[in-house]
There are 2 protein chains.
Amino acid sequence: MKIAISGKGGVGKTLLAAFLSRVFAESGYSVLAIDADPNSNLAATIGFPQPEEIAPISEMSALIEERTGARPGRGASFFKLNPKVDDLPEKYSLKYNGIRLMVMGRIKRGGTGCYCPENALLQALITHLLVFRNEVVILDMEAGIEHLGRATAKAVDKLIIVVEPSRRSIETAYRIDKLAQDTGLHNIAVVGNKVRSQSDTEFLISSLPGFNFLGFIPYDQALVEADISNRPLLDSSTQIITEVKNIYHALLSTAQSSEATN
Amino acid sequence: MKIAISGKGGVGKTLLAAFLSRVFAESGYSVLAIDADPNSNLAATIGFPQPEEIAPISEMSALIEERTGARPGRGASFFKLNPKVDDLPEKYSLKYNGIRLMVMGRIKRGGTGCYCPENALLQALITHLLVFRNEVVILDMEAGIEHLGRATAKAVDKLIIVVEPSRRSIETAYRIDKLAQDTGLHNIAVVGNKVRSQSDTEFLISSLPGFNFLGFIPYDQALVEADISNRPLLDSSTQIITEVKNIYHALLSTAQSSEATN
């Protein structure tokens, strides 16, 4: 299963990606988590001890050319070899607590401009990655999914839009949903985050009629304090872990039902 | 004065841009606010009644060519006419409560890919806009400032990085600071947002030693409730307005002192 996570900046995409990775790994899945947001830090959120040691995907172009005979940016149709999750080179991924992580890479110097070649590379990777039944790819995306090409969107099994109880995050959710539908990605679900009360839940449900909610993650001050004191986030909140397990089960059951109907 | 506002997604860039625009306008400045973040909504935050009526900057290219003889994307040096804040065409900006607003534009259809031409246009606009003593341009940026070219960075008088009490927002601040310095933008200041306690303030100050803090905006539940009930945000919190006025005065005094030393 390939899952992409998007939503407005700050709603908790990285947090959900990290917690979901943990829950899938603990359930016996091989997890490949990909940090595709240059402004987030999935490695640190998962708790990787040396996150800066991971070579970014943006430096993979030489490798892709070597293994496939294709120069990235010249179109995905040039790829001859389909990479497998298990077969990704160690250099471009690190493993920690059963989670293999790749990072898109950050722009290292100011003024260098366009980030699109890196996105093309990510697209090729997502599109051509072979994922088996016991494997899951979890993509922590930028706000917006505009860099997901049509082919990539078809390769993603599920897009999760994270929302929080704020009008702006709802607007972004509608925008992402529209972009996704345009791109041919129709398997979309929503997760509410930072939910403090029943009225927050009701606000989210009434603001997004017709959307499929996978779950509602509570706001937990323990997580905020763990962050500020630099303690491991994934161990900081049993409330959140419990809800993310529910989301995991909801994901599996929708995946099975769509397999059954396809 | 040209002020750019950046910071991690969700920290409150758009909120600060909106409140600062209000305070500058009420103090007699001509304010041009530019929404340069495709995933935010400055118009709605300021309270524009029909935000979707503003034609985006991305549609200005024909106009720029007509007025300057230059095709956007062929480099800023081709521009012959310097646009003035007062002289910007009504079609591409709306005015409300003394604030003129331009929007960068959103990507309308999924799968269209690269956003860089729009950024080039914005760069040209920022670089060549003539701003007089009683005028201010407030740019609500994307997280990260990678699309600010070297020339644009020199045209910006002040970069404000918004942070909240979270480790990720601090990391993003360091990243933005580095990118800005690389690009030649050295006049950088920080604003703390969503501050709930004295220990939040201390966390921010101790996490960013050597940074110049313009102020600390308190977390105010009244603002959150105004957002959820769709009431005007700028009228929702006297606490926030008071602190943004302090930030406004801090901005003016640093601008004057840098004029005096230059």
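Please read all numbers here as calculations on a predicted model, not as lab measurements. Below, chain A is the first sequence line, B the second, and so on; all start at residue 1. The basis for the numbers below is simple: all heavy atoms, side chains too, and nothing from hydrogens, waters or symmetry mates.
Put simply, the side chain of A/Pro165 reaches to within 4.5 Å of the side chain of B/Ile228, judged on heavy atoms.
To the nearest 0.5 Å, atoms OG1 (A/Thr14) and NZ (B/Lys8) are separated by 6.5 Å. Note that CD1 of A/Ile170 is 9.5 Å distant from CG of B/Asp227, once rounded to the nearest 0.5 Å.
Contact of B/Leu233 with chain A is made through the side chain alone, with heavy-atom distances under 4.5 Å. Proximity to chain A (any heavy atom under 4.5 Å) is restricted, for B/Asp200, to the side chain, taken from C-beta onward. B/Ser229 touches chain A through its backbone: at least one of N, CA, C or O sits under 4.5 Å from a heavy atom, while the side chain does not. Contact of B/Thr45 with chain A is made through backbone and side chain together, with heavy-atom distances under 4.5 Å.
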Exercise. Run the numbers on A/Asn41 and B/Arg167 for side chain to side chain contact (heavy atoms under 4.5 Å, CB included), then give the verdict.
Key: CA-CA 10 Å; A/Asn41 196 338; B/Arg167 212 155 273 279; over 6 Å; no
